[in-house]
Amino acid sequence: MSDWLARLRTLYEGLAPRERLLVAFATGLIALLLVWTALVSPVAGAIAGSEARAEAARLELERAVRLRRDLDEIQGRLSEVEQRIRQAPGGNIFTTLESLARQSAVKVDSMEPQNSPASDRYRETKVQVVLKEVSLAQLVSYLHRIEASREPLSIKSLRIHTRADKPQLLNVTFTVSSFEPV
C-alpha cells in the first residue's frame, strides 16, 4: 500500500504547478462528493423521513383524540337512553299512543304491531300507526308528545302524504318503538 502511495506522490510531484492545482481541486471535489453521498444525503433523508413520520403521527393522534371525544359523547347518550329505559314506567304502547292521540286531538286510523329484531338486553315493541286527515299542527303535536313521553318511545320511520281532495290535511304512517329491559 505504501508503494502505491509513493508512486502517486512521485507522479504528483512531477506535475506542473497548474496541473497540481487541477488535481488537488478534482481530488477535493471527489472527496466532497463522497462525503455528500455517504453522510449528508442519508442524514438529510432520514431527517425528512422523520419529519414526515412525526407529522403523520401528529395527525393520527388528533384523529384518535377526536374519535375518543366522539365515543365518549355517544357512550354518554347511550347511558342516558339506557337509564331512561330502566326507569320508564311499564305500560302498554297501544294505550299510551291512544292517550297521546286524544291529547293531540288526533284520531288514529289503525295501529298494527310490527316484528322487531331480538336483543339480549332490551325488548323492542314496534307499532305502525296510520293517521288519516290530520292537520300539520295536530301531527306535530302528536309526534312531539310521543318523543317527550315518559316512556322510552322512539319514532323510527315517518311517511307523510298530502291529500288530493283536501290539501290542508295529511295522511301519515309512522312506526313507533318502545323499549323495556329483558
Side-chain angles (χ1 to χ4, degrees), residues 42 44-182:
I47 290 172
S50 66
E51 288 173 355
R53 286 190 304 277
E55 179 64 17
R58 187 188 62 76
L59 292 174
E60 284 295 316
L61 179 62
E62 285 177 8
R63 183 172 177 248
V65 167
R66 189 172 49 251
L67 287 173
R68 180 60 193 199
R69 190 173 40 246
D70 292 347
L71 177 63
D72 289 344
E73 179 186 332
I74 290 169
Q75 285 179 332
R77 289 190 312 201
L78 178 62
S79 295
E80 290 172 10
V81 169
E82 287 178 337
Q83 183 178 5
R84 186 173 172 215
I85 290 171
R86 283 191 303 274
Q87 294 175 348
N92 185 328
I93 187 171
F94 293 97
T95 306
T96 302
L97 290 173
E98 281 289 342
S99 171
L100 295 173
R102 277 193 305 278
Q103 293 171 17
S104 302
V106 172
K107 184 179 180 299
V108 175
D109 190 57
S110 68
M111 280 195 246
E112 296 179 21
Q114 301 287 307
N115 292 332
S116 57
S119 170
D120 58 339
R121 297 177 73 185
Y122 301 103
R123 182 175 30 253
E124 179 180 12
T125 305
K126 281 186 177 179
V127 176
Q128 183 176 21
V129 180
V130 178
L131 308 175
K132 292 192 177 173
E133 297 185 7
V134 296
S135 69
L136 181 60
Q138 289 172 314
L139 175 62
V140 169
S141 173
Y142 188 36
L143 295 176
H144 176 72
R145 288 177 193 272
I146 290 171
E147 286 289 325
S149 171
R150 289 182 58 226
E151 288 189 35
L153 300 177
S154 176
I155 298 169
K156 295 293 186 176
S157 66
L158 176 65
R159 290 186 308 264
I160 302 173
H161 300 282
T162 56
R163 295 181 54 90
D165 59 336
K166 299 176 186 175
Q168 72 278 13
L169 297 178
L170 307 168
N171 288 343
V172 182
T173 304
F174 59 93
T175 304
V176 179
S177 289
S178 173
F179 300 90
E180 55 187 288
V182 176

What residues, two or more places apart in sequence or in another chain, satisfy side-chain hydrogen bond (donor to acceptor under 3.5 Å, both in side chains) together with Gln128? Gln114
Strictly by salt bridge (charged side-chain N to carboxylate O under 4.0 Å, His left out), give each pair with a member in residues 124-142 just once, sequence neighbours left out. Asp109-Lys132, Glu133-Arg163, Glu133-Lys166
Indicate yes or no: at least one non-hydrogen side-chain atom of Phe174 is less than 4.5 angstrom from one of Leu131. yes
For Phe179 and Lys156, the nearest pair of non-hydrogen atoms, with its separation, is CZ-NZ, 4.0 Å
What residues form a side-chain hydrogen bond (donor to acceptor under 3.5 Å, both in side chains) with Thr173, not counting sequence neighbours? none
Straight-line distance of Arg63 CZ to Leu61 CG, nearest 0.5 Å: 12.0 Å
With sequence neighbours left out, what residues match Ser157 under side-chain hydrogen bond (donor to acceptor under 3.5 Å, both in side chains)? Thr175
Non-hydrogen atoms of Ile93 and Ser177 that approach each other most closely: CD1-C, 4.3 Å
Please check if the side chain of Ser99 supplies one atom and the backbone of Thr96 the other of a donor-acceptor pair under 3.5 Å. no
Taking the side chain as every heavy atom from C-beta outward, state whether Leu143 and Val172 have any pair of such atoms under 4.5 Å apart. no
From OG (Ser149) to CG (Leu97), nearest 0.5 Å: 8.5 Å
Within residues 71-80 or reaching into it, pairs that qualify as salt bridge (charged side-chain N to carboxylate O under 4.0 Å, His left out) - sequence neighbours excluded: Arg68-Asp72, Glu73-Arg77
To the closest 0.5 Å, what do you measure between CG (Asn92) and CD (Glu151)? 8.5 Å
Working to the nearest 0.5 Å, report the span between CG of Leu139 and NE2 of His144. 13.0 Å
Within a strict 4.5 Å, meaning less than it, do heavy atoms of the Val130 and Val108 side chains meet? no
Not counting sequence neighbours, which residues clear side-chain hydrogen bond (donor to acceptor under 3.5 Å, both in side chains) with Glu55? List them please. Arg58
Look up atom CD in Glu147 and atom OH in Tyr142, then write down how far apart they are to the nearest 0.5 Å. 12.0 Å
Could you grab the distance from atom OG1 of Thr125 to atom CG of Leu153, nearest 0.5 Å is fine? 10.0 Å
List the atom of Ser135, the atom of Leu169, and the distance in Å for their closest heavy-atom pair. N-CD2, 3.9 Å
